[in-house]
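Following: one structure in structure tokens, then a few remarks.
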Amino acid sequence: MRASSTASARRGRAGAGCLLALCLLAAAATPAAGLYDLSLERLEARGALALEDYRGHVLLLSFFEPECAWCYRQLRTLERLQARCGQGLQPIAVGINGRNDALRRELRRAQVTFPGTRASAALLALTGEVPATPWTLVMTPGGELAATLRGFVREAPLAAAFPELCPQS
């Protein structure tokens, strides 16, 4: 098998595996105590973003860092997913490992319309160490951690995980 075919097959299996993991973890959601008590520094505007304002939404907290090609792809995918699924599904970009100006530059380059923030010490204490980027935490409308998705996840498996919010295209 050619290297590109092998990589493509591996990505397909990874997407299916992420969807399966998402479904399994959603069934065993655990509370993320204190999540809605947090405010995160906004990158694209002044002030803080209160996570309490998103209670009742499925939150996708996507950790990214500057000059990360996979992070860029994940942010673009989440932008398309939100356009497709509506406001019930709320991505929030959470920047780490960079200066604010570099994180802002990545958000502008990805042309996201959803909020971009900087990870706070309190959020990192709650989530633990970020294992790699992109890393996405899927939170239920009630604030429970439903899944953690490590690496890039394509739009189709993400949309399929939320059939009540995302119409099939």
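Residues: numbered from 1 along the sequence shown. These numbers come from a predicted model, not from an experiment.
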Exercise for the section: Taking atom CD of E67 as the centre, report whether more than 12 heavy atoms of other residues, nucleotides or ligands fall under 6.0 Å from it. Expected result: no

Exercise for the section: Please say whether more than 12 non-hydrogen atoms of neighbouring residues, nucleotides or ligands are located less than 6.0 Å from CZ in R99. Expected result: no

Note, [X] side chain near [Y] side chain (heavy atom, < 4.5 Å):
X    : Y    : value
L78  : Q82  : no
W70  : T133 : no
T140 : V58  : no
M139 : L35  : yes
L81  : C166 : yes
P115 : E44  : yes
V153 : Q74  : yes
V94  : L123 : yes

Exercise for the section: Only pairs at least two apart or in different chains count here, so list each ring pair (Phe, Tyr, Trp, His ring centres under 6.0 Å) that has a residue in residues 87-135. Expected result: F63-W135

Let me confirm one number: the [atom1]-[atom2] distance from [X] to [Y], rounded to the nearest 0.5 Å.
X   : Y    : atom1 : atom2 : answer
E41 : S120 : CD    : OG    : 9.5 Å
L61 : Q90  : CG    : CD    : 9.5 Å
L60 : L158 : CG    : CG    : 7.0 Å

Exercise for the section: Go through V138 and F162 one step at a time and tell me if the side-chain contact (heavy atoms from CB on, under 4.5 Å) criterion holds. Expected result: CA-CA 11 Å; V138 180; F162 307 105; 3.8 Å; yes

Exercise for the section: Flag the pair R104 and E106 as a salt bridge only when some basic side-chain nitrogen lies within less than 4.0 angstrom of an acidic carboxylate oxygen. Expected result: no

Problem - Side-chain ion pair, R84 and E155, N-O less than 4.0 Å - result: yes

Nearest non-hydrogen partners of [X] and [Y], listed with the distance:
X    : Y    : answer
E79  : Q111 : CD-O, 3.9 Å
I96  : V130 : CD1-CG1, 3.8 Å
L59  : Y36  : CD1-CE2, 4.3 Å
R42  : R46  : CD-O, 3.8 Å
S62  : T136 : OG-OG1, 3.4 Å
R118 : L43  : N-CG, 4.0 Å

Handout entry: Transitive ILVMFWY side-chain link I92 to Y72, under 4.5 Å
Key = no

